[in-house]
S.K.: 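For reference, the structure I am asking about is given below.
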Amino acid sequence: MTLRTALFAIAIACASPAFAQDETPAPVLLPDTLSLAIVDGSGVPEDCMYPETITDISLFEIGCVTMPRARTGQIASQYVGQLGQQGWHQGSYVPGGMTATRTDENNCERVLNIFPSPYPPSDLDSQTAVIWFAMDRTPRCPTNETP
């Protein structure tokens with residue numbers, strides 16, 4: 001099973017996260033928008049090695065986490081569970097990953113792109129995996145035009 005297939009299966013199952021009770025606030029990924037707690041066993045590397053397609057920070061707010069490849073399914077399910085708790089739903093499959101969507105208070109759709117990969121991306125046999133998160137900065141709002 002490929003890393004991408006495993007992540008998609010987890011997303012479909014909408015697994016719930018298991019949070020450890022801790023007095024110290026956990027570090028978070030994308031605190032201004034997603035505010036995902038960094039799951040035990042994963043971390044934020046100094047260099048996310050983003051693909052060029054998501055590096056335009058005027059278009060995307062980006063973040064990533066790495067984890068041992070052997071625990072990718074278990075750890076990724078906790079991130080998907082956190083997204084579900086925040087009202088995100090599975091969106092579309094896109095080349096190299098998938099999207100999650102959520103309607104905001106203005107009835108606009110927010111889109112989060114989720115891309116799993118070996119880490120570093122050039123090492124297909126790597127024992128480390130990465131999940132890149134790329135949130136579209138521009139919400140998709142319905143038009144108020146009448147036909």
S.K.: Take atom CG in L59; do more than 12 heavy atoms of anything else shown fall under 6.0 Å from it?
M.R.: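 Atom CG in L59 is packed in, count exceeds 12.
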
S.K.: Evaluate the side chain to side chain donor-acceptor pair (under 3.5 Å) criterion for residues D136 and T138: first the C-alpha distance (whole Å), next the side-chain angles of each, then the deciding distance (0.1 Å), finally the verdict.
M.R.: CA-CA 5 Å; D136 289 3; T138 306; over 6 Å; no

S.K.: Is there a side-chain contact between I54 and N113, using heavy atoms and a 4.5 Å cut-off?
M.R.: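 Counting from C-beta outward, I54 and N113 never come under 4.5 Å.
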
S.K.: I need the W88 CH2 to M135 CE distance, nearest 0.5 Å.
M.R.: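 Answer rounded to 0.5 Å: 4.0 Å.
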
S.K.: Any donor-acceptor pair under 3.5 Å linking the side chain of S126 with the backbone of T128?
M.R.: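 Here the side-chain-to-backbone pair exists.
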
S.K.: Would you indicate whether the side-chain heavy atoms of E109 and V111 approach each other to under 4.5 Å?
M.R.: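 Contact flag for V111/E109 side chains = yes.
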
S.K.: Would you compute the distance between atom OG1 of T33 and atom CD of Q86 and round it to the nearest 0.5 angstrom?
M.R.: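 Taking OG1 in T33 and CD in Q86, the distance rounds to 9.0 Å.
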
S.K.: If you count heavy atoms of other groups shown closer than 6.0 angstrom to CG of D40, is the number above 12?
M.R.: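 Not more than 12 within 6.0 Å, no.
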
S.K.: Verify, without hydrogens or angle tests, whether N106 (side chain) and C108 (backbone) share a donor-acceptor contact under 3.5 angstrom.
M.R.: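 Not at all, since once roles are kept as given, no pair shorter than 3.5 Å links the two residues.
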
S.K.: Have a look at Y50 and tell me which of W132, F115, F60 forms a side chain to side chain contact (heavy atoms under 4.5 Å, CB included) with it.
M.R.: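 Among W132, F115, F60, the one that satisfies the side chain to side chain contact (heavy atoms under 4.5 Å, CB included) with Y50 is W132.
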
S.K.: Distance check, rounded to the nearest 0.5 Å: R110 atom CZ versus T99 atom OG1?
M.R.: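 R110 atom CZ to T99 atom OG1 measures 13.5 Å (nearest 0.5 Å).
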
S.K.: Would you say the side chain of P121 lies within less than 4.5 Å of the side chain of P51, judging by non-hydrogen atoms?
M.R.: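 In short, these two side chains do not touch, never coming nearer than 4.5 Å.
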
S.K.: Any donor and acceptor pair, going by atom type alone, linking the side chain of R137 with main-chain N or O of I57 inside 3.5 Å?
M.R.: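 It does hold such a pair.
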
S.K.: Less than 4.5 Å apart, any side-chain heavy atom of V130 and any of V65?
M.R.: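 They are not in side-chain contact.
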
S.K.: Without swapping roles, check the side chain of E61 against the backbone of A134 for a donor-acceptor pair under 3.5 Å.
M.R.: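 Checked: no pair found.
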
S.K.: Any side-chain heavy atom of I131 sitting closer than 4.5 Å to one from M67?
M.R.: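 Result yes, sub-4.5 Å side-chain heavy-atom pair found.
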
S.K.: Shortest non-hydrogen contact from P118 to R69?
M.R.: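 Closest approach of P118 to R69: CB-NH1, 4.3 Å.
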
S.K.: Can you confirm whether S35 sits close enough to L30 that some side-chain heavy atom of one is under 4.5 Å from a side-chain heavy atom of the other?
M.R.: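 Of all side-chain heavy-atom pairs linking L30 with S35, none is under 4.5 Å.
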
S.K.: For I114 versus P116, what's the shortest heavy-atom pair and its separation?
M.R.: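 Looking at all heavy atoms of both residues, the shortest contact is O-CD, 3.8 Å.
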
S.K.: Tell me if a side-chain donor or acceptor on Y79 pairs with a main-chain N or O of V39 at a distance below 3.5 Å.
M.R.: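 Yes, the answer is positive, given that a donor and an acceptor are paired below the 3.5 Å cut-off.
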
S.K.: Evaluate the side-chain proximity of L36 to V28: yes if any heavy-atom separation is below 4.5 Å, no if none is.
M.R.: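 The answer is no; the side chains never approach within 4.5 Å.
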
